[in-house]
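Since the structure is predicted, the reported quantities are computational estimates derived from the model, not experimental observations.
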Amino acid sequence: MKTFFKAAGMAVALVAGMALAPQAAYAQSVTLVVDVDQLYKDSVAAKSGGTQLEAKYGAKLKSVQSTLETAVKGWNEQVEAAKKVAKPDGSLPPANEASLAQARQTLNDSKSAFDEMRQEIQYADQYVKYQILDKLIPIAEKIRKDRKAGAVVPRGSVLAFDPANDITAVAMQQLNATTTTVSITPPQQQQAAAPPAGTAPAQPAKSQPQTR
């Protein structure tokens with residue numbers, strides 16, 4: 001997983017390579033830019049990932065969100081009911097106290113389920129982006145060499161650039177030609193879903209004869 005996070009972080013500062021040259025030549029070298037965010041959104045691979053994410057999580061996310069909204073409504077109703085019967089010292093009748101505690105627990109459980117689902121979706125989405133970036137790096141390096149440029153950087157990391165040096169369209173074309181689908185299951189989840197290669201299913205323990 002170290003490789004995964006290392007490559008994912010390169011989206012912030014993508015450098016496809018630097019040409020070794022004298023200082024004067026380097027000062028005049030061309031820097032190319034690529035809109036990484038656009039590739040994350042509009043490439044064939046990105047759309048493949050989005051379709052898979054929607055199919056796997058769309059209905060589930062709506063369900064846990066609806067459950068959370070219901071829990072919030074229930075909590076608010078119990079709070080309002082408690083206000084009406086609260087004594088001057090702030091204490092509540094046992095029935096209202098119990099109802100309020102139950103509503104609080106339901107709200108906490110619903111929020112935890114929603115947060116867990118959202119985190120899982122975000123992790124899967126980051127894995128999709130990692131795969132796209134992994135394919136983009138060699139593409140950017142080849143374009144850099146072909147154009148004899150000094151570096152390729154994310155478009156969002158520069159304040160100004162010459163539109164002629166924007167290679168997003170070319171990179172998009174080459175990425176779409178080589179990568180049309182991605183996985184939405186990060187390696188850790190894949191490993192958890194299947195036993196290691198070469199291992200046999202666990203066998204139930206056999207009872208041993210007792211010795212006297």
Side-chain angles (χ1 to χ4, degrees), residues 1-62 65 114-190:
M1 293 301 293
K2 290 182 179 178
T3 302
F4 168 74
F5 289 112
K6 180 180 179 181
M10 292 179 69
V12 178
L14 171 62
V15 177
M18 299 295 292
L20 298 177
Q23 185 65 27
Y26 172 74
Q28 298 177 1
S29 64
V30 174
T31 296
L32 304 176
V33 298
V34 58
D35 192 337
V36 180
D37 290 335
Q38 183 178 345
L39 297 175
Y40 285 160
K41 182 179 67 174
D42 296 331
S43 65
V44 173
K47 291 179 180 179
S48 167
T51 299
Q52 293 179 66
L53 288 171
E54 176 61 29
K56 182 175 181 178
Y57 295 108
K60 294 180 181 179
L61 182 61
K62 289 179 181 179
Q65 184 174 356
F114 177 76
D115 290 342
E116 183 177 348
M117 176 66 66
R118 185 172 57 179
Q119 183 177 17
E120 183 176 344
I121 294 172
Q122 289 175 344
Y123 188 43
D125 181 63
Q126 287 298 318
Y127 183 52
V128 169
K129 292 178 179 178
Y130 157 72
Q131 293 169 87
I132 294 173
L133 181 63
D134 187 52
K135 298 298 183 181
L136 173 62
I137 291 173
I139 290 174
E141 170 62 8
K142 183 178 184 303
I143 297 174
R144 183 196 69 79
K145 287 183 177 180
D146 291 345
R147 299 196 181 189
K148 297 180 174 57
V152 180
V153 300
R155 179 171 171 173
S157 68
V158 295
L159 296 177
F161 62 91
D162 185 341
N165 294 331
D166 188 337
I167 64 168
T168 303
V170 177
M172 178 80 77
Q173 182 180 25
Q174 295 187 21
L175 180 64
N176 288 343
T178 58
T179 308
T180 58
T181 186
V182 289
S183 171
I184 62 169
T185 306
Q188 284 186 342
Q189 294 181 14
Q190 293 175 2

Q: Give, for atom NZ of K56 and atom CD of E120, the distance between the pair rounded to the nearest 0.5 Å.
A: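 Answer rounded to 0.5 Å: 6.0 Å.
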Q: How long is the straight-line distance from OH of Y40 back to OH of Y130, given to the nearest 0.5 Å?
A: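 If we round to the nearest 0.5 Å, Y130:OH and Y40:OH are 11.5 Å apart.
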Q: Not counting sequence neighbours, which residues clear side-chain contact (heavy atoms from CB on, under 4.5 Å) with T181? List them please.
A: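 T181: side-chain contact (heavy atoms from CB on, under 4.5 Å) contacts with S48, Q52.
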Q: Roughly how far, to the nearest 0.5 Å, is the CG atom of L39 from the CG atom of L133?
A: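 Going from CG on L133 over to CG on L39, the span is 9.5 Å.
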Q: Work out which heavy atom in P186 is nearest to a heavy atom in A124; give both atom names and the distance.
A: CG-CA, 4.4 Å
Q: Any donor-acceptor pair under 3.5 Å linking the side chain of R144 with the backbone of A149?
A: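 Yes, the answer is positive, given that a donor and an acceptor are paired below the 3.5 Å cut-off.
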Q: Is I121 close to L61 at the side-chain level, that is, under 4.5 Å between some pair of heavy atoms?
A: yes
Q: Go through the structure and list residues passing side-chain hydrogen bond (donor to acceptor under 3.5 Å, both in side chains) with K41, not counting sequence neighbours.
A: none
Q: Could you grab the distance from atom NZ of K129 to atom CG of L136, nearest 0.5 Å is fine?
A: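 If we round to the nearest 0.5 Å, K129:NZ and L136:CG are 14.0 Å apart.
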Q: Can you list everything that forms a salt bridge (charged side-chain N to carboxylate O under 4.0 Å, His left out) with K135? Sequence neighbours excluded, please.
A: none
Q: D162: which residues meet the side-chain hydrogen bond (donor to acceptor under 3.5 Å, both in side chains) condition with it, sequence neighbours left out?
A: none
Q: Once you round to the nearest 0.5 Å, how far does CD1 of I184 lie from CD of Q131?
A: 10.0 Å
Q: Do R147 and V30 make a side-chain contact, defined as non-hydrogen atoms from C-beta onward lying under 4.5 Å apart?
A: no
Q: For the residue pair V153 and S157, what are the closest heavy atoms and their distance?
A: CB-OG, 4.1 Å
Q: Determine the minimum heavy-atom distance between T185 and Y127, stating which atoms define it.
A: O-CE2, 3.3 Å
Q: Run the salt bridge (charged side-chain N to carboxylate O under 4.0 Å, His left out) test against K145 and tell me which residues pass, sequence neighbours left out.
A: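 For K145 the salt bridge (charged side-chain N to carboxylate O under 4.0 Å, His left out) partners, ignoring immediate neighbours, are E141.
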Q: Quick one: OH on Y57 to NZ on K60, what's the gap to the nearest 0.5 Å?
A: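 Reported to 0.5 Å precision, the distance equals 7.0 Å.
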Q: Going by the rule side-chain contact (heavy atoms from CB on, under 4.5 Å), which residues pair with A45 if we only count those two or more places apart in sequence or in a different chain?
A: S43, I132, T179, V182
Q: Within a strict 4.5 Å, meaning less than it, do heavy atoms of the V152 and I143 side chains meet?
A: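 They are not in side-chain contact.
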Q: Tabulate below the donor-acceptor pairs under 3.5 Å that side-chain atoms of residues 164-174 make, not counting sequence neighbours, or state none.
A:
from : atom 1 : to   : atom 2 : distance (Å)
D166 : OD1    : T168 : N      : 2.9
D166 : OD1    : T168 : OG1    : 2.6
D166 : OD2    : R155 : NH1    : 3.0
T168 : OG1    : D35  : N      : 2.8

Q: Among pairs that include at least one residue of residues 167-182, which meet salt bridge (Lys or Arg N to Asp or Glu O under 4.0 Å), considering only residues two or more places apart or in two chains?
A: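 As it turns out, there is no salt bridge (Lys or Arg N to Asp or Glu O under 4.0 Å) pair with a partner in residues 167-182 once direct neighbours are skipped.
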Q: Please list, chain by chain and in numerical order, all residues satisfying side-chain hydrogen bond (donor to acceptor under 3.5 Å, both in side chains) with R118, sequence neighbours excluded.
A: D115
